Amino acid sequence: MELRRDVFQAIADPTRRAIIAMVALNAMTPGAIAAEFDSSRQTISKHIRILTECELLTQEQQGREIHYYFNPVKMKEIADFIAPFRDMWDDRFNALEAIMKKQPPKK
């Protein structure tokens, strides 16, 4: 059975989250990405491969160079999963705020 990585596994690693944040601002080559980290190029290449397999990054050949681009469509999968939890916590904080407003101020 072949295991397929998903976006949640991809964003579990802080280095991959940093790569996503960098590439979201501007398309980058693998060398430019690797230059931002103290890790080896091979390590960064593995992170890029995982992000590409999960479709968080797409690649485009431009001449002799490959540029990686952020794919915001896949990030929506994460946002959709988190949305109900965000709503739940917003409701809880709003209820807490309402309770706190009913308390008389301390002197």
Side-chain angles (χ1 to χ4, degrees):
M1 182 170 101
E2 182 181 323
L3 295 177
R4 187 170 167 353
R5 291 185 175 101
D6 66 14
V7 293
F8 300 100
Q9 291 171 318
I11 64 168
D13 186 275
T15 301
R16 290 193 287 269
R17 290 192 304 268
I19 292 170
I20 291 168
M22 290 179 352
V23 175
L25 296 174
N26 193 25
M28 298 177 77
T29 63
I33 295 169
E36 298 293 323
F37 297 94
D38 291 332
S39 303
S40 71
R41 284 183 179 247
Q42 290 174 323
T43 300
I44 299 304
S45 179
K46 180 179 178 184
H47 287 302
I48 292 170
R49 187 179 75 245
I50 291 168
L51 291 169
T52 304
E53 287 174 5
C54 296
E55 299 175 359
L56 285 165
L57 297 183
T58 59
Q59 65 181 19
E60 183 180 301
Q61 187 84 30
Q62 295 180 1
R64 296 185 338 170
E65 292 185 333
I66 294 174
H67 285 85
Y68 287 95
Y69 293 86
F70 175 63
N71 180 7
V73 174
K74 280 307 269 191
M75 200 60 117
K76 185 173 179 342
E77 189 175 321
I78 298 165
D80 290 345
F81 176 80
I82 292 172
F85 298 103
R86 181 179 292 131
D87 294 342
M88 175 188 67
W89 282 107
D90 283 345
D91 291 344
R92 289 181 181 185
F93 283 124
N94 290 338
L96 178 60
E97 183 180 26
I99 291 169
M100 292 175 68
K101 284 182 177 179
K102 290 179 183 179
Q103 297 295 319
K106 289 187 177 184
K107 295 185 181 192

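Everything numeric here is computed off the predicted structure, so don't read it as measured data.
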| query | Of Val23, Ile19, Thr58, which is the lone residue that meets side chain to side chain contact (heavy atoms under 4.5 Å, CB included) with Leu51? | reply | Ile19
| remark: Applied to residues 93-105, the salt bridge (charged side-chain N to carboxylate O under 4.0 Å, His left out) test, sequence neighbours excluded, yields Glu97-Lys101
| note | With sequence neighbours left out, the residues meeting side chain to side chain contact (heavy atoms under 4.5 Å, CB included) with Arg86 are Ile82, Asp90
| message | Tell me which pairs pass ring pair (Phe, Tyr, Trp, His ring centres under 6.0 Å) where either residue lies in residues 61-85, with sequence neighbours left out. | response | Phe8-Phe81, Phe81-Phe85
| message | Restricting to side-chain hydrogen bond (donor to acceptor under 3.5 Å, both in side chains), what partner residues turn up for Thr43, sequence neighbours left out? | response | Ser40
| field | Close side-chain approach of Ile20 to Met75, heavy-atom, < 4.5 Å | value | yes
| Going from CD on Glu55 to CG on Asn71, what distance comes out if it is rounded to the nearest 0.5 angstrom? | 7.0 Å
| query | Under the criterion side chain to side chain contact (heavy atoms under 4.5 Å, CB included), which of Ile11, Asp13, Asp6 is the partner of Gln9? | reply | Asp6
| Donor + acceptor pair across side chains of Glu60, Gln62 (<3.5 Å) | yes
Donor-acceptor pairs under 3.5 angstrom involving side-chain atoms of residues 24-33: please list them, not counting sequence neighbours.
from	atom 1	to	atom 2	distance (Å)
Thr29	OG1	Ala32	N	3.2

| note | With sequence neighbours left out, the residues meeting side chain to side chain contact (heavy atoms under 4.5 Å, CB included) with Arg49 are Lys46, Glu53
| task | Sequence neighbours left out, what passes side-chain hydrogen bond (donor to acceptor under 3.5 Å, both in side chains) with Glu77? Give chain and number order. | result | Lys74
| field | Met100 atom CE: more than 12 heavy-atom contacts under 6.0 Å | value | no
| Applying the 4.5 Å side-chain criterion to the ILVMFWY set and letting contacts propagate, would Ile99 and Trp89 be lumped into a single cluster? | no
| field | Cluster check Ile48, Ile50: I/L/V/M/F/W/Y, side chain < 4.5 angstrom | value | no
| task | Please name the pair of heavy atoms, one in Ala34 and one in Arg41, separated by the smallest distance, quoted to 0.1 Å. | result | CB-CG, 3.8 Å
| message | My understanding is that only residues two or more places apart in sequence, or in another chain, count here; which of them pass side chain to side chain contact (heavy atoms under 4.5 Å, CB included) with Lys76? | response | Asp80
